[in-house]
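The sequence lines fix the lettering, A, B, ..., with proteins before strands; numbering per chain opens at 1.
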2 protein chains.
Amino acid sequence: MSDPPPKRRLRMTRQRRVILEELKKLKAHPTADEVYEVVRERLPRISLSTVYRDLETLCEWGKVRLLEVGCAKKHFDYDTRDHYHVRCARCGRVENLPVEPFTYLEQAFRDLTDYEVTGHKLELIGICPECKRKEEEEKKSKEEAP
Amino acid sequence: MSDPPPKRRLRMTRQRRVILEELKKLKAHPTADEVYEVVRERLPRISLSTVYRDLETLCEWGKVRLLEVGCAKKHFDYDTRDHYHVRCARCGRVENLPVEPFTYLEQAFRDLTDYEVTGHKLELIGICPECKRKEEEEKKSKEEAP
DNA sequence: TTCAGCAATAGGAGTTATTCCTATCTTATG
DNA sequence: CATAAGATAGGAATAACTCCTATTGCTGAA
Ligand SMILES: [Mn+2]
Ligand SMILES: [Mn+2]
Ligand SMILES: [Zn+2]
Ligand SMILES: [Zn+2]
């Protein structure tokens with residue numbers, strides 16, 4: 001029927017190297033087009049579709065981790081180890097939570113479902129300092145001139 | 001500057017009632033267009049944009065809960081109480097986890113971030129029985145004719 | 001009851017993020 | 001070098017929403 005997996009040789013091209021380097025430098029968890037914006041400064045001719053393709057390739061390669069947060073854009077993480085995140089409900093920013101993942105959770109929950117459990121995701125939701133500040137400013141200006 | 005909130009009166013229209021009833025009947029956590037498909041059988045002239053708009057309105061109204069699972073489509077839940085879910089990594093199906101949410105988690109994590117924490121989300125990831133079955137069938141057919 | 005006015009709808013256009021396609025270029029290897 | 005697999009730029013296509021507009025439906029005051 002179907003052939004055995006073709007095992008193509010992945011190449012560490014300039015584009016891929018730069019994407020990886022810039023992702024490492026950013027402490028945030030950028031979306032594809034945030035990566036595009038910074039990478040463009042070093043490789044002005046790179047295309048957005050290359051960024052998408054390379055990020056996907058690097059994920060399969062195990063050099064980058066895709067974060068599926070909330071419901072909107074894909075975010076990418078240079079740190080491929082298991083860890084948790086906080087997400088801002090307003091602006092979508094994502095940051096790390098410095099805490100060890102609860103490995104026992106999956107064991108503990110295994111009997112509650114007939115799914116074959118392969119992992120879990122824990123996400124804190126909140127308002128980031130910047131969005132909080134903006135919110136307070138707006139509130140203040142409303143009080144001043146109602 | 002901006003006017004005070006206009007406080008419009010929401011109406012429980014036929015469309016909204018049917019959407020709510022069908023959502024209640026479905027045990028799953030359907031996406032907007034899965035809702036559209038079933039509602040269409042009772043209201044053949046309803047439009048997809050009405051389904052989207054009404055689901056959003058019902059969420060604001062507190063009668064429906066929007067689930068932001070994984071990264072793709074929006075799923076909707078008739079049960080607005082806090083609870084956890086399992087998601088199939090293959091097909092995206094979402095089911096409830098019969099367990100009380102860990103309310104202490106948010107307290108415990110509060111010091112780990114400068115975000116103002118407002119909630120959390122815990123999601124088990126796995127393979128649903130149906131996808132597991134398919135996977136095994138494929139494996140078998142490969143072994144038979146390699 | 002009538003009717004003014006706000007609320008809601010159908011249908012379709014527009015948007016956003018992502019994926020797909022293709023002609024062309026690059027690299028590794030014999 | 002010749003060749004072929006891998007990768008790229010640029011743009012078209014798609015999926016899932018989101019917005020717009022003309023029309024219709026309700027409702028509460030007269
Ligand atoms: Mn991270
Ligand atoms: Mn649920
Ligand atoms: Zn924010
Ligand atoms: Zn499945």
Side-chain angles (χ1 to χ4, degrees), chain A residues 3-20 22 29-61 63-64 66-76 87 91-94, chain B residues 3-20 22 29-61 63-64 66-76 87 91-94:
Chain A
D3 298 323
K7 274 177 207 156
R8 56 190 189 134
R9 305 241 146 111
L10 298 178
R11 292 175 192 162
M12 183 50 77
T13 59
R14 174 169 36 254
Q15 288 85 338
R16 286 174 187 168
R17 190 158 18 75
V18 172
I19 287 173
L20 208 47
E22 293 301 320
H29 299 79
T31 61
D33 65 54
E34 285 164 353
V35 172
Y36 178 55
E37 283 313 317
V38 300
V39 166
R40 236 139 90 84
E41 287 171 20
R42 292 175 58 187
L43 303 173
R45 305 206 25 114
I46 198 170
S47 72
L48 180 57
S49 54
T50 297
V51 172
Y52 271 106
R53 189 174 3 80
D54 284 353
L55 281 169
E56 192 187 359
T57 304
L58 291 166
C59 282
E60 289 164 5
W61 207 342
K63 295 181 181 303
V64 164
L66 166 64
L67 300 185
E68 300 184 305
V69 299
C71 218
K73 308 177 193 174
K74 291 181 171 186
H75 290 247
F76 296 87
R87 174 170 55 98
C91 67
R93 224 164 85 192
V94 174
Chain B
D3 298 322
K7 276 176 204 158
R8 56 190 189 135
R9 307 237 147 111
L10 297 178
R11 293 175 190 162
M12 182 51 75
T13 60
R14 177 170 35 255
Q15 289 82 341
R16 285 173 187 169
R17 190 158 17 76
V18 172
I19 287 172
L20 208 46
E22 293 301 321
H29 299 79
T31 60
D33 66 53
E34 285 164 351
V35 171
Y36 179 56
E37 284 312 318
V38 299
V39 166
R40 235 138 90 84
E41 289 172 18
R42 291 175 58 188
L43 303 174
R45 304 206 26 117
I46 198 171
S47 73
L48 180 57
S49 55
T50 297
V51 172
Y52 271 107
R53 188 172 7 78
D54 284 353
L55 282 169
E56 192 187 0
T57 304
L58 292 165
C59 283
E60 288 164 7
W61 207 342
K63 295 181 181 301
V64 163
L66 167 64
L67 299 185
E68 299 183 306
V69 299
C71 219
K73 308 177 192 175
K74 292 182 170 185
H75 289 248
F76 296 88
R87 174 170 55 100
C91 68
R93 223 164 86 190
V94 174

Could you pull out the closest heavy-atom pair between Y36(A) and L48(A), with the gap in Å?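 Smallest interatomic distance, heavy atoms only, reads CE1-N, 3.4 Å.
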On a heavy-atom basis, which atom in P30(B) and which in V35(B) lie closest, and how many Å separate them?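 Of all heavy-atom pairs spanning P30(B) and V35(B), the closest is CG-CG2, 3.7 Å.
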E68(A) and R87(B) ion-paired at < 4.0 Å: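 R87(B) and E68(A): salt-bridged.
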For [X] and [N], give me the distance from atom [atom1] to atom [atom2], rounded to whole Å.
X: K73(B); N: dC17(D); atom1: NZ; atom2: P; result: 8 Å
X: L66(A); N: dT18(C); atom1: CG; atom2: C1'; result: 12 Å
X: R16(A); N: dG6(D); atom1: CZ; atom2: P; result: 11 Å
X: Y52(A); N: dT16(C); atom1: OH; atom2: C1'; result: 9 Å
X: M12(A); N: dA5(D); atom1: CE; atom2: C1'; result: 18 Å
X: L55(A); N: dT19(C); atom1: CG; atom2: C1'; result: 14 Å
X: F76(A); N: dA17(C); atom1: CZ; atom2: P; result: 13 Å
X: H75(A); N: dA17(C); atom1: NE2; atom2: C1'; result: 12 Å

The contact string for nucleotides 19-29 of chain D, one letter per nucleotide 5' to 3', using protein heavy atoms under 4.0 Å with B, S and - for base, sugar-phosphate only and none, comes out as B-----BB---
Step through the shown structure and confirm whether more than 12 heavy atoms of other residues, nucleotides or ligands are within 6.0 Å of CZ on R42(B).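 Enclosed.
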When you measure from the side-chain N and O atoms of Q15(A) to the phosphate of dT26(C), is any distance below 4.0 Å, counting only OP1 and OP2?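 Indeed not, no polar side-chain atom of Q15(A) lies that close.
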Reckon T50(A) touches a base, only the sugar-phosphate, or nothing at all at heavy-atom distances under 4.0 Å?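 Base, at least one base atom sits under 4.0 Å.
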Partner of D54(A) by side chain to side chain contact (heavy atoms under 4.5 Å, CB included), out of V18(A), L20(A), I19(A):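 Output: one option passes, namely I19(A).
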Within residues 31-48 of chain A, which residues have any heavy atom lying less than 4.0 Å from an atom of DNA chain C?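 Those residues are L48(A).
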Bend angle of the helix from dT1(C)-dA30(D) to dG30(C)-dC1(D), from helix axes over five pairs at each end, nearest 10°: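 Axis angle across the helix from dT1(C)-dA30(D) to dG30(C)-dC1(D), nearest 10°: 20°.
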Gap separating the OG1 atom of T50(A) from the CZ atom of R16(A), nearest 0.5 angstrom: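 Reported to 0.5 Å precision, the distance equals 9.0 Å.
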